[in-house]
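The chains referred to below are lettered A, B, ... by the order of the sequence lines, with proteins before strands, and numbering in each begins at 1. All heavy atoms count here, side chains included; hydrogens, waters and symmetry mates do not.
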Protein chains: 2
Amino acid sequence: MMTVADIVGRIGRVARWEPDARGRLAEAALELYAERGYEQTTVADIAGRAGLTERTFFRHYADKREVLFGGPMPELVEAALREAPAGEGALAVGRLAMLAAAGALPPERRPFARKRQAVIDATPALQERELLKLDSFARLIDRALTARGEEPAVSRIVAETSVALFKVAFAAWIDGDGGNDLTTLTEGAFVALGRVSAG
Amino acid sequence: MMTVADIVGRIGRVARWEPDARGRLAEAALELYAERGYEQTTVADIAGRAGLTERTFFRHYADKREVLFGGPMPELVEAALREAPAGEGALAVGRLAMLAAAGALPPERRPFARKRQAVIDATPALQERELLKLDSFARLIDRALTARGEEPAVSRIVAETSVALFKVAFAAWIDGDGGNDLTTLTEGAFVALGRVSAG
DNA sequence: AGCCTTGATGTCAGCAACTGACATCGCTCG
DNA sequence: CGAGCGATGTCAGTTGCTGACATCAAGGCT
């Protein structure tokens with residue numbers, strides 16, 4: 001195969017490999033998972049469509065699930081927690097963290113997110129991974145709040161609750177008509193918590 | 001091998017197989033996971049310690065993780081949701097469901113639960129499965145609340161929040177000194193939510 | 001210019017999780 | 001007493017995933 005040279009050749013600068021192997025793998029994986037289902041897709045299939053080998057897939061992603069979870073959300077959450085103003089209360093900090101997460105998914109990413117979510121919703125193995133990622137946000141929030149001097153009990157409740165609300169907002173964003181962006185829905189979930197826990 | 005006949009022989013009634021293969025597998029698995037770690041344990045190891053073969057393991061449990069999650073909690077949650085009094089508010093129903101879950105773990109099971117949790121906490125693959133099980137509770141609550149006529153938005157928030165609070169209570173039960181039972185801690189988490197979301 | 005290190009990739013062998021197909025054989029029921 | 005059932009065993013095969021080693025263009029060093 002000389003596809004690399006073929007394609008890049010006419011541009012002038014010859015790169016040794018086609019660029020963005022990671023991205024190509026992620027794209028190929030989502031397509032294949034959507035076309036034939038996660039279990040009916042083999043890692044070799046994905047690598048093949050991306051013009052790579054199975055071994056290379058595992059150099060970029062730890063396993064067959066991880067390829068759908070490569071986004072920048074964790075970094076955004078960490079940054080928000082790092083930069084949260086000192087005066088804020090615990091729940092407000094959790095809210096800021098989740099709003100930062102929501103920032104990773106602007107309206108234009110909704111088509112992609114919906115396709116991806118359809119695959120995840122059809123695949124328990126992928127749901128597990130998604131839940132673990134979300135849970136890791138709770139751990140980040142918990143750690144940050146404890147570091148801020150919050151009581152451990154408050155820390156944990158706020159951390160878990162914040163993520164729970166983000167999950168609700170995200171589901172509403174995916175299921176809705178696109179009229180509200182994820183940030184707005186996330187704020188709404190935090191507001192609604194007050195009503196629910198009061199009523 | 002004639003161990004079955006050997007052991008059971010002296011009792012009189014000869015059963016064809018040693019009883020409770022499922023339970024033996026679960027026990028063997030927890031022991032081995034605790035001794036050498038989840039990844040260092042092979043399914044053949046587990047089956048061997050239980051006096052069975054690998055193939056039989058997979059007839060009792062769908063995969064290597066599931067063997068730690070065979071408890072009756074889902075049934076208890078379903079029953080609680082089925083029998084929740086008609087007058088109760090949404091959050092109260094979620095609370096009842098989680099209290100039912102707590103009922104599966106009386107104080108005398110705490111040593112077992114702690115050992116099991118230590119294994120889970122050391123193993124991301126098992127954390128994923130645990131989170132999926134908990135998430136399934138949220139889905140049960142959501143469905144029950146919607147069937148009761150709650151608004152979908154309220155339903156989802158209450159479902160996710162209830163499970164979030166149970167997670168907090170469970171962690172406190174495992175980490176604490178055993179002075180409070182899980183039911184009490186679960187009630188406490190629901191009470192604390194009011195304080196946190198107000199303050 | 002010529003060499004050398006580097007880094008992304010390829011190749012290959014191997015283990016372990018899981019599955020389908022078929023065999024075994026006490027027990028139970030008619 | 002024979003037939004069928006059901007839990008288990010045996011075996012072969014696919015696939016996820018890993019370690020060890022090879023390749024080879026790019027970029028820096030002399």
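Of the candidate nucleotides dC21(D), dA17(C), dC17(D), dA17(C) has the atom lying nearest to any side-chain atom of Glu54(B). Considering only side-chain atoms of Phe58(B), the nucleotide from dT24(C), dT11(C), dA17(C) that sits closest is dA17(C). With dA21(C), dT23(D), dT24(C) as the candidates, the nucleotide lying closest to the side chain of Arg16(B) is dT24(C).
Judged by atom type and distance alone, Arg59(B) reaches the base of dG9(D) through a side-chain donor-acceptor pair under 3.5 Å. At a cut-off of 3.5 angstrom, counting only N and O atoms as typed in the model, there is a donor on one side and an acceptor on the other between the side-chain of Arg55(B) and the base of dG20(C).
For the 3.5 Å distance criterion, the side chains of Gln40(A) and Glu35(A) fail to qualify, holding no donor opposite an acceptor. A donor atom on one side chain and an acceptor atom on the other are not found under 3.5 Å apart for Asp45(A) and Thr42(A).
The phosphate of dA16(C) has neither OP1 nor OP2 within less than 4.0 Å of any side-chain N or O from Thr42(B). A sub-4.0 Å separation between OP1 or OP2 of dG9(D) and a side-chain N or O of Thr56(B) is present. In this structure, His60(A) reaches the dT9(C) phosphate: one of its side-chain N or O atoms is under 4.0 Å from OP1 or OP2.
Backbone-only engagement by Ala62(A) is indicated by non-hydrogen atom pairs under 4.0 Å involving sugar-phosphate atoms exclusively. Here Ala21(A) lies in heavy-atom contact (under 4.0 Å) with sugar-phosphate atoms only.
Rounded to an integer number of Å, the gap from CZ of Phe57(B) to P of dA7(D) is 17 Å. Here the C1' atom of nucleotide dT14(D) and the CD atom of Gln40(A) are 13 Å apart, to the nearest Å. Rounded to whole Å, atom P of dC18(C) lies 13 Å from atom CG of Asp63(A). Tyr61(A) has its OH atom 16 Å from the P atom of dT18(D), to the nearest Å. Ile46(A) places its CD1 atom 12 Å from the C1' atom of dT15(D), with the value rounded to the nearest Å. Residue Trp17(B) contributes atom CH2, which lies 11 Å from atom P of dC25(C) at whole-angstrom precision. Rounded to a whole Å, the CZ atom of Arg129(A) is 14 Å from the P atom of dG16(D). Atoms CG (Asp45(A)) and C1' (dG16(D)) sit 13 Å apart, rounded to a whole Å.
Side-chain contact between Thr186(B) and Leu165(B): absent, with no pair of heavy atoms (C-beta onward) separated by less than 4.5 Å.
Looking at Arg129(B) and Asp63(B), a side-chain N of the basic residue comes within less than 4.0 Å of a carboxylate O on the acidic one, giving a salt bridge.
Distance check, rounded to the nearest 0.5 Å: OG of Ser162(A) to CG of Asp142(A) gives 10.5 Å.
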